[in-house]
Amino acid sequence: MRCAVFASGNGSNFQALAQAFSKGQEGIEIVFLFSDQAGAYALERAQDLGIKTYQFSPQDFPSRQAYEEALLQICQEEAIELVVLAGYMRVLHAPLLQAYPQAIINIHPSLLPAFPGRHGIREAYEAGVEQTGVTVHYVDAGIDSGEIIRQASLAIRPGETLADLEARIHDLEHQVYPAVIRQLKGRENA
């Protein structure tokens, strides 16, 4: 299964995926990383791992439609079967959603539908909930609103700092995301 990863920032989930599936292990290959941010550390991670990168910004195009058409063209040229969002901070629309129905996934650092959006970890922490976690879901035109594929929870420890919780959530993401991609690969083979 040929995968593309889209990331806007640090790229720790990208790196976890690239390491999990290095050299096309398990029939899953991370073909390229795309970033909409020229300074994204994810691009450096990809280069260090020998993974092809693409980078451009919506501001480089006359419209959002033209931007997504350029992304779609790259995905089609690279024969991508699954698009994996890993800290990609843009909402997708057509043509990508139409070209890849049930083939674009995202990981979110909360137990959706609770705490959607950019600050899921902080919002869960500040709300004082006892449990939080991560959600992997299919991407639709909404924000963190697509069909849930898998969730994994963890307890917020008494006295835990936000930084400690963030670190534990990211560790959980690095375990869950590769497992979900393996699950989707298994469905492909069924």
Taking atom types as modelled, is there a side-chain donor on S145 or D140 under 3.5 Å from an acceptor on the other?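 Distance-only check passes for S145 and D140.
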Could you check whether T161 and D164, counting side-chain N and O atoms only, form a donor-acceptor pair closer than 3.5 Å?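 The answer is yes; a qualifying pair exists.
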Hey, quick one: are [X] and [Y] part of the same hydrophobic cluster, counting side-chain heavy atoms closer than 4.5 Å, chains of contacts allowed?
{"X": "V139", "Y": "L184", "answer": "no"}
{"X": "I51", "Y": "L82", "answer": "yes"}
{"X": "F14", "Y": "M1", "answer": "yes"}
{"X": "V129", "Y": "L111", "answer": "no"}
{"X": "I74", "Y": "Y88", "answer": "yes"}

Atom pair [atom1] ([X]) and [atom2] ([Y]), whose distance is rounded to the nearest 0.5 Å:
{"X": "E126", "Y": "E123", "atom1": "CD", "atom2": "CD", "answer": "7.5 Å"}
{"X": "R90", "Y": "I143", "atom1": "CZ", "atom2": "CD1", "answer": "12.5 Å"}
{"X": "Q65", "Y": "L72", "atom1": "CD", "atom2": "CG", "answer": "9.5 Å"}
{"X": "I148", "Y": "H108", "atom1": "CD1", "atom2": "NE2", "answer": "10.0 Å"}
{"X": "Y54", "Y": "E77", "atom1": "OH", "atom2": "CD", "answer": "7.0 Å"}
{"X": "L154", "Y": "R168", "atom1": "CG", "atom2": "CZ", "answer": "4.5 Å"}

Least distance between heavy atoms, [X] atom then [Y] atom:
{"X": "V134", "Y": "E173", "result": "CG1-CG, 3.4 Å"}
{"X": "F6", "Y": "C75", "result": "CZ-SG, 4.0 Å"}
{"X": "I181", "Y": "C3", "result": "CG2-SG, 4.5 Å"}
{"X": "S12", "Y": "H174", "result": "OG-NE2, 3.2 Å"}
{"X": "L43", "Y": "A38", "result": "CD1-O, 3.5 Å"}
{"X": "A18", "Y": "L49", "result": "CB-CD1, 3.7 Å"}

Side-chain heavy-atom pair [X], [Y] within 4.5 angstrom cut-off:
{"X": "E26", "Y": "K185", "answer": "no"}
{"X": "E68", "Y": "F61", "answer": "no"}
{"X": "I149", "Y": "Y138", "answer": "yes"}
{"X": "R122", "Y": "L162", "answer": "yes"}
{"X": "F56", "Y": "L71", "answer": "yes"}

Tell me whether [X] contacts the main-chain N or O of [Y] through its side chain, where contact means a donor paired with an acceptor under 3.5 Å.
{"X": "S63", "Y": "A66", "value": "yes"}
{"X": "H170", "Y": "N13", "value": "no"}
{"X": "Y125", "Y": "E160", "value": "yes"}
{"X": "T135", "Y": "Q151", "value": "no"}
{"X": "S110", "Y": "I121", "value": "no"}
{"X": "Q15", "Y": "R45", "value": "no"}

More than 12 heavy atoms of other residues, nucleotides or ligands under 6.0 Å from CD of Q59: yes or no?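 Yes, because the 6.0 Å sphere around CD of Q59 holds more than 12 heavy atoms from other groups.
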More than 12 foreign heavy atoms under 6.0 Å from CZ of R118: is that the case here?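 Not buried by this count: 12 neighbours or fewer within 6.0 Å.
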Stepwise side-chain hydrogen bond (donor to acceptor under 3.5 Å, both in side chains) check, Q73 with E69: CA-CA 6 Å; Q73 181 177 351; E69 286 173 357; over 6 Å; no
Counting only pairs under 3.5 Å, give me each side-chain donor-acceptor contact of residues 95-107, with atom names and distances, residues two or more places apart or in other chains.
residue, atom, partner, partner atom, Å
Y100, OH, I80, O, 3.0
N106, ND2, H137, NE2, 3.2
N106, ND2, D144, OD1, 3.3

Give the table of side-chain donor-acceptor pairs shorter than 3.5 Å for residues 28-35, with sequence neighbours excluded, one pair per line with atom names and distance.
residue, atom, partner, partner atom, Å
E29, OE1, R2, NH1, 3.4
S35, OG, A7, O, 2.9
S35, OG, Q37, N, 3.1
S35, OG, Q37, O, 3.2

